[in-house]
Colleague: 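Take this structure first; my questions come after.
Values below: all heavy atoms of this structure, side chains included; hydrogens, waters and symmetry mates excluded. One-based numbering, in listed order, for ligands and for the atoms of each.
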Amino acid sequence: MSELPDNPISATVDFAREGVQHGFLKLPYSRDDSAWGAVMIPVTVIQRGEGRTALLTGGNHGDEYEGPVALSKLAQSLSAKDVSGRLIIVPFMNTPAFHAGRRTSPIDKGNLNRSFPGKPDGTVTEKIADYFTRTLLPLADIVLDIHSGGRTLDFLPFAACHVLPDKQQQAQCEAGMRAFNAPYSMRMLELDAGAMYDTAAERQGKVFVTTELGGGGSSTARSVAIAERGVRNLLVHAGILDGEVQLAPSIMLDMPDGDCFIASEHDGLLEMCRDLGDNVEQGEVIARVYDATRSGAASVEYRAARSGLLAARHFPGLVRCGDTIAVIADVLN
Ligand SMILES: [Zn+2]
């Protein structure tokens, strides 16, 4: 592989320095309204002594809020004496998307979580991805990326890990997922994993945990509490914070194959016939889609291809052909 150019992002923090630092990842972005301007991505580094490094991110998609809220609170509340090792906290990973309240960047339409490993001389979004791939991920032992459904999906609150070729690494990721201890824990199948942050972290051998903690383009008191508790639990599990991992019952879920996904083949008005957390039987009607251009036409029925738990759903009341209507997961315990 040819040598890649340096990434143009510079950090205003020193990742090797002890103590608490709040600063920015500064990405030059020359544009019409700011000739020598920059995208300023907030970052907090907290370090004390030797130990492991956790890289914590929210706002990878800009319309998901549990991670940004929980990580903003963590960055503001921790002092160096609370930490053994190092925390790198980036609450608004795709900062332009976050400020726009959108999944993707308004600058280049980039979906950060489909832009890895990134390019140092690519778009703004690809430059952010490259900086994580080549600068931040190599510093980390444990990587937590907090997601939820955004404006178009809603999820049962779960922490997740993936099936990995390295079974020892998979076991460490699963242990991290269990320590996060969301009400549900998912062995997650990705339909399009190649360019995800998850995959970049896992390929570097990191202990990687992700989440889906709700959705609909906002957060709730309950979903934020799950995020805060999960982050602390994971950091205690990693030996970076003192204390005990607080474990409550968590229902184990699995997505064994593509049958879990129900996709719409019609545009129209969505009627969900089952809600998140409901047990559904194979063949049962999960949703109906109505032609919204006329009255009196028969609706189209969408049925469960498998039995299980309704773990995700399309959030808006209107649906388009190709949208995911629902995800049905297997219950393992
Ligand atoms: Zn997301």
Colleague: Can you tell me the N, O or S atom of His147 that's nearest the Zn ion (ligand 1)?
Modeller: ND1
Colleague: Please tell me whether Phe98 and Phe92 form a close aromatic pair, meaning their ring centres lie under 6.0 Å apart.
Modeller: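 Ring centroids of Phe98 and Phe92 are less than 6.0 Å from each other.
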Colleague: Starting from the Zn ion (ligand 1), look over the N/O/S atoms of His61 and name the nearest one.
Modeller: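 The nearest such atom is ND1.
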Colleague: Verify the distance test for Glu64 against the Zn ion (ligand 1): any N/O/S atom under 2.8 Å, yes or no.
Modeller: yes
Colleague: Would you call Arg114 and Asp192 a salt bridge, taking side-chain N to carboxylate O under 4.0 Å as the test?
Modeller: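 A salt bridge is present here (some side-chain N lies under 4.0 Å from a carboxylate O).
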Colleague: Could you check whether Asp63 pairs with Arg151 (Lys NZ or Arg NE/NH1/NH2 to Asp/Glu carboxylate O, under 4.0 Å)?
Modeller: yes
Colleague: Examine Ile89 and Phe24 and state if one hydrophobic cluster contains both, with Ile, Leu, Val, Met, Phe, Trp and Tyr joined whenever side-chain heavy atoms are less than 4.5 Å apart.
Modeller: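 Ile89 does not cluster with Phe24.
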